[in-house]
Amino acid sequence: MRKLPILLCMLIICVNVIAQDQFKIDSLQSLLNSAGLNDQQKSVVYRELSSLFQYKDSAMTVDYANEAIVLSRIVGDWKGVIFAKATIAKNLIIMRHFNVALPLLEEIKSLADRRDFTEGKMAFYEGMSHIKWLQRDIRSKIENEKKCLPLAKEAGNLQRVGEIYNRISWDYFSMSQYSEAMEYATKALEINEQFGHPAKIANSLSVIGSIYQELDEPIKSMQYNQRSLKMLESIGHWRGMASVLGNIGNNYQTLGDNKQSIKYFNRELEIWKTHKDFLHSIVAHGNLASAYINNKQHEKALIHASRSILLSDSLEVSLYKARAFLTLGLVAQHLNNYSDAKQHFLQATELAQEQQHLSDQQAVAESLFQLESEFGQYKEALNAHVVFKQLSDSLSSEENIRNIALAEARYLHNKEKDSIQFVNVRGKMLLSQEIEQRSKMQFLSLVIIGLLLLLLIILYRFYTSRKKANLLLLRQKDEITGQKAVLEEL
C-alpha cells in the first residue's frame, strides 16, 4: 500500500508531461491556422512543431521540418535551414537510416562552415556522435564529442558543455577507463550544480557512484547513488530512478546485505514493469535471481531466472540468458538434481561463448567443476578445472589493465582531494594572516586615535588655562589703569 502513492505521483507527472507537450502542439497548430503570421514566424513555428514530434511521429517530424526549410529559404534565414535539416538528420539517426543521415550531416557542416555558424557545426558533431553510439563505436563517439566541446565553449553555452562532459564520462566508464570517466564526471557535476538542473546533477552523481562501485568502494558509491535517487524522485524521472535503484541494490550486494539488495532490486523491477520496459526488466529479474541465490532463497531465484529467460526469448535478446541459466543450474545443484544442473550449465556456457563474455564463461566453468566434484565425476571435473584455469589466465591480463585504470582513477581522485585540501589549508592560512594583520591595524588605529584624543585634551586644557590667564591679566591691567587714573586726579 505504501507504494501506491509513489506510483500515483509518477503516473500524474508522466500524464502532465504528455499533456503539456500536447497543449504546446495544439497551441502552435492553432497559431499556424490564424492569420497574421509572416513567413519568418511560420518557419519558427514549423521548426518547433518538428521538434515536438521528434519521438512521437517521424513522418510529421520530417513534414514540419521540410515546411520550415522552404519558408526559411524564402526569407533568407540560413540558420533556420540548418536547424530544420539537423532535426531531420536526428530523426533519420533515431530510425537508424545512417546512409541517408550521413550526407545530410555533411551538407549541414558545409553550410555551417561557409557561414561560420557554431551551432551548425555542433549539430554535425552531435549527429556523428549519436551514430557512433548506436554503432557501438565508443572511441569514435568520444572523438566527436571532444570536437563539440570547444564549439560549445566558443558559443558560451556552459550548460551544453556540462551535457557533453556527462556523455563523455559515461563513454569512458563503459570502456572501463575510470580515471577519464571520473575527470569528466567531476567537471560535469561542477557545471550542472551551478545551474541547479536536477536531472543533469543526478546523472553526474550516478556516474561517480558507478565509478566508486568499480573502485570497490560501495559505501562511497551508495552515498552518490542515494543523492542521485533523491534528485530523480523530486522530478519524477522514473527511468533514472529505476537505474539508480539497481545501482544501490548492487552496492548492498557488494556489502553482503542481501535483504537490502533484494528490496532495491524489487523497487527497480516494479518501475520497469509499470512502464512496460521489458528489456530492462530482464536485467532486474537477473539481479533478483542472483540476490535470492546469495540469500539461499532458491525457489524465488528459480522464478526470477525463469522469467528472465522467457523475456529474453520473447525479445530475442541473449545478452543476459547465460547468467539466468547459470542461476537455474545453481538451484538444480542445490536440489541435488545433477542432470538438470549440468544441462543448465552447458546452456550457459554456450550462450556465454556466443557473447564472448569471458567472466561469465569463467563463472560457469567454476560451477561445473564444483558440480562434477560434488557428484564424483572427477574426469569431467578436471576438464572443467582446466577450462576455468585458462579463462582465469585470460582474465588476469584484462584484470591487470583494469587495475591500472582503477589505480589511475584513485590517483586522480586523491590528487584532486589533496589539491582541494591544500587550497582549503592555504585559504585558512591566508585568512588567519589577514585576520592577524587586520587586528594589528585595528590596534594601531586605536593607539593613534587615543594619542590624538590625549593631544586634543592637552591642547584644550592649555587653551582654557591660557584664556583664564589672559582674562586675569586683563582684569589686573584694568585695575592698574583705574588706580593710575585715581592717582593722577589726586
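As the structure is a prediction and not an experimental result, all values here were calculated from the model.
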*Give a yes or no on whether Gln40 atom CD has more than 12 heavy-atom contacts from other residues, nucleotides or ligands under 6.0 Å away.*
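It does: Gln40 CD has more than 12 such atoms within range.
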*For Asn38, look at atom CG and say whether over 12 heavy atoms of other residues, nucleotides or ligands are found less than 6.0 Å away.*
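Yes, CG of Asn38 has more than 12 neighbouring heavy atoms, counting only those of other groups under 6.0 Å.
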Please check if the side chain of [X] supplies one atom and the backbone of [Y] the other of a donor-acceptor pair under 3.5 Å.
X: His237; Y: Gly240; result: yes
X: Ser206; Y: Asn203; result: no
X: Asn66; Y: Val62; result: yes
X: Ser72; Y: Ile69; result: no
X: Asn144; Y: Ser140; result: yes
X: Ser306; Y: Leu302; result: yes
X: Ser129; Y: Tyr125; result: no
X: Ser312; Y: Lys321; result: no
X: Asn295; Y: Ala291; result: no

_One pair to check against side-chain contact (heavy atoms from CB on, under 4.5 Å): Lys141 and Asp137. What are the steps and the verdict?_
CA-CA 6 Å; Lys141 179 185 184 299; Asp137 185 356; over 6 Å; no
_Tell me whether Lys121 is salt-bridged to Glu126, with the criterion being a basic N under 4.0 Å from an acidic carboxylate O._
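Judged by the 4.0 Å cut-off on N to carboxylate O distance, Lys121 and Glu126 do not form a salt bridge.
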*asked:* Taking Glu233 first and then Arg227, would you say they form a salt bridge - that is, a charged N and a carboxylate O separated by under 4.0 Å?
replied: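 No, this pair does not count.
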Where [X] and [Y] come nearest, the two heavy atoms and their spacing:
X: Asn225; Y: Gly209; result: OD1-CA, 4.0 Å
X: Ser281; Y: Lys273; result: OG-N, 4.0 Å
X: Pro103; Y: Phe98; result: CD-O, 4.5 Å

Short side-chain donor-acceptor distance under 3.5 Å, [Y] and [X]:
X: Ser51; Y: Arg47; result: no
X: Asp171; Y: Trp133; result: no
X: Asn91; Y: Ser58; result: no
X: Glu214; Y: Tyr178; result: yes
X: Gln213; Y: Thr254; result: yes

Any side-chain heavy-atom pair of [X] and [Y] under 4.5 Å:
X: Asn287; Y: Glu268; value: yes
X: His304; Y: Leu269; value: yes
X: Tyr224; Y: Val207; value: no
X: Asn247; Y: Ser221; value: no
X: Phe265; Y: Gln253; value: yes
X: Leu189; Y: Asn192; value: no
X: Phe195; Y: Leu158; value: yes
X: Glu106; Y: Leu102; value: no

*Among all residues two or more places apart in sequence or in another chain, which pass the side-chain contact (heavy atoms from CB on, under 4.5 Å) test with Glu48?*
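Listed in chain order: Leu28, Leu52.
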Validation: residues 78-89 side-chain donor-acceptor distances under 3.5 Å, sequence neighbours left out:
residue	atom	partner	partner atom	Å
Lys85	NZ	Glu107	OE2	2.7
Thr87	OG1	Phe83	O	3.1

*Under the side-chain contact (heavy atoms from CB on, under 4.5 Å) criterion, do Leu255 and Ile219 qualify, and how do the steps go?*
CA-CA 8 Å; Leu255 291 166; Ile219 294 174; 4.1 Å; yes
Working to the nearest 0.5 angstrom, can you tell me the gap between [X] [atom1] and [Y] [atom2]?
X: Gln226; Y: Leu205; atom1: CD; atom2: CG; result: 11.5 Å
X: Ser50; Y: Glu67; atom1: OG; atom2: CD; result: 11.0 Å
X: Trp272; Y: Met241; atom1: CH2; atom2: CE; result: 10.5 Å
X: Lys263; Y: Leu245; atom1: NZ; atom2: CG; result: 10.0 Å
X: His285; Y: Leu288; atom1: NE2; atom2: CG; result: 8.0 Å
X: Lys147; Y: Ile164; atom1: NZ; atom2: CD1; result: 13.5 Å

*Intermediate values then yes/no, side-chain hydrogen bond (donor to acceptor under 3.5 Å, both in side chains), Arg323 and Thr327*: CA-CA 6 Å; Arg323 294 173 194 178; Thr327 301; over 6 Å; no
*Could you go through the side-chain contact (heavy atoms from CB on, under 4.5 Å) check for Ile93 and Leu105 one step at a time?*
CA-CA 10 Å; Ile93 293 166; Leu105 286 172; 4.2 Å; yes
*Before giving the answer on side-chain contact (heavy atoms from CB on, under 4.5 Å), spell out for Ser367 and Leu330 the whole-Å C-alpha distance, their side-chain angles and the decisive distance to 0.1 Å.*
CA-CA 8 Å; Ser367 298; Leu330 291 169; 3.9 Å; yes
*Residue pairs passing the ring-ring contact (aromatic ring centres under 6.0 Å, His included) test where at least one lies in residues 144-164, sequence neighbours excluded*: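 Passing the test, one end in residues 144-164: no pairs.
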*Is the NZ or CZ atom of Lys187 positioned over Tyr184's six-membered ring, under 6.0 angstrom from the centre and within 45° of the axis?*
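Yes, cation above the ring, under 6.0 Å and within 45°.
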